[in-house]
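Here the structure is laid out as structure tokens; the discussion comes afterwards.
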Amino acid sequence: MVILIGAISDRMLGNLEMFTNLKRDVAQINLDPLQRGGILTPEARAALVEWGDGYSICDFCGGAMDRIKSPPIENFVHESLPEFLGIDEVRITHGAREGMFAAMHAICQSEDWIVCDSNAHYTTVLAAERAGLKIEFIPSSGEPSFKVSPEGYAKAIERAYEKKGNVTMAVLTYPDGNYGNIVGVKAVSEICHDYGIPLMLNGAYAIGRMPFNARNHGVDIIVGSGHKSMASSGPIGVLGATEDYARTIFRCSSLKKNKEVELLGCTVRGAGLLTMMASFSAVVERVSSWSKEVEKARWFADRMGQLGIELQGDIPHNHDLMFFKAENLYEISRMAKKGRHFLYRDLKDRGICGIKPGLTKQFKLSTYLLGESDLENVLVAFDEIITSYT
Ligand SMILES: *Cc1c(COP(=O)(O)O)cnc(C)c1O
């Protein structure tokens, strides 16, 4: 029994009770691309409980979060992550979007232009908008492959120049979050560097899943998403930069000693960071078996094709995030009793979730870290569902 002082509505009382016991409803097999790479390791789940109190990491902080030695954040941020990403300097952010914004805000001036692939995530666009930047997009080839060509970067930069734009950054989404397409980074970075423009790679779906070394690809700034691809409880991300750009992005305040302005002093000051650290050994290991994940995704896409559900984007595919088009499921939705929600319900009945409720004609899913027997069950489910309506 809670004793409340002062007036409080019955409705509020009901709300308080509702908030106190929150349960999560997920099916056994979750295909949601957003969630597959963010599932915690057992070690991270333990860290979440151990470090769950607010500001739990701040006991031994001397004023700079990334320099905390116990827990070993300094080693993680200044030694392990730079080696993992192949870049000089790394900091922790609240996510990929916060990393992109910090870099844009630090490096570009308001009214400058950036060039960016048209498959970019909406958060790239918002980050640019918040930083007061204009965007020239590199168009994709459109249906069905949605390819972005490195040469498109030169053309986009030229178009921005024609509009008297001051182009101060290029952004490549690697892979993009819609089709899971992979663009040749090296070719893009060479073009950008010919124009004297830094390349920022948005690796929200790459870092923590696939091997990637920024230095080897000529990438100047790199962002990753912890809750998407690094088995972390978010919000958390990583932001890396070469020495040249790190000086600007991670500059210290002129008023407050040792506080980095773009990070507002410190970022993830608790459990989220400890989950990323606790998962890191498993993440390093899983990245090394990336080729198996790609093989599995290709096998799965092939089998979906046999059911009349067609993969869009790169073929052969190079990532676990896949976008499918299904005219047959769309046709069913037009006559099914439950309408377009039939697919969600019928999959849920078979212990499968992760395709957005209401989608039938096109949807994305991910096979990341799912076993072959689970994937076999998914294929059987699609087959059964299609057959049951025809
Ligand atoms: C999910 C996603 C983001 C956003 O990541 P956050 O860490 O949540 O900010 C950005 N870009 C791409 C390509 C994504 O898929």
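Note that ligands are numbered from 1 as they come in the structure, with each ligand's atoms numbered from 1 the same way.
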Taking the six-membered ring for Trp and the full ring for Phe, Tyr or His, determine whether the centres of F342 and Y389 are under 6.0 Å apart. yes
Quick check: does D176 get an N/O under 3.5 Å from an N/O on ligand 1? no
Need the ligand 1 atom indices (1-based, order shown) with element for anything under 4.0 Å from a heavy-atom of G95. 7 (O), 9 (O)
Is there any salt bridge (charged side-chain N to carboxylate O under 4.0 Å, His left out) pair reaching into residues 369-379, and which pairs are they, with sequence neighbours excluded? R303-E376
Using a 3.5 Å cut-off on N or O atoms only, is A96 in polar contact with ligand 1? yes
How far is atom 11 (N) of ligand 1 from its nearest protein heavy atom, and which residue and atom is that? N202 ND2, 2.8 Å
Under 4.0 Å from any heavy atom of Y205, which atoms of ligand 1 are there? 15 (O)
What residue and heavy atom of the protein are closest to atom 1 (C) of ligand 1, and at what distance? K228 NZ, 1.3 Å
Does an N or O from S225, backbone or side chain, lie closer than 3.5 Å to an N or O of ligand 1? yes
Looking only at atom types and distance, does a side-chain atom of R251 sit under 3.5 Å from a main-chain N or O of T248, one as donor and one as acceptor? yes
Between E158 and K155, does at least one N-O distance fall below 4.0 Å, as a salt bridge requires? no
Determine, using heavy atoms of T123 and all atoms of ligand 1, whether some pair is separated by less than 4.0 Å. yes
Using ring centroids (six-membered ring only for Trp), state whether Y174 and F212 fall under 6.0 Å. yes
Once you measure the plane-to-plane angle for F300 and F324, does it fall in the parallel (<30°), tilted (30-60°) or perpendicular (>60°) bin? perpendicular
Hey, is H94 one of the residues with a heavy atom under 4.0 angstrom from ligand 1? no
For F280 and F84, I'd like to know if the aromatic rings sit close, meaning centre-to-centre distance below 6.0 Å. yes
Answer yes if the ring centres of H319 and W290 are under 6.0 angstrom apart, and no otherwise. yes
Taking atom 9 (O) of ligand 1 as the reference point, the nearest protein heavy atom with its distance: R97 NE, 2.7 Å
For ligand 1, which atoms sit closer than 4.0 Å to a heavy atom of T173? 13 (C)
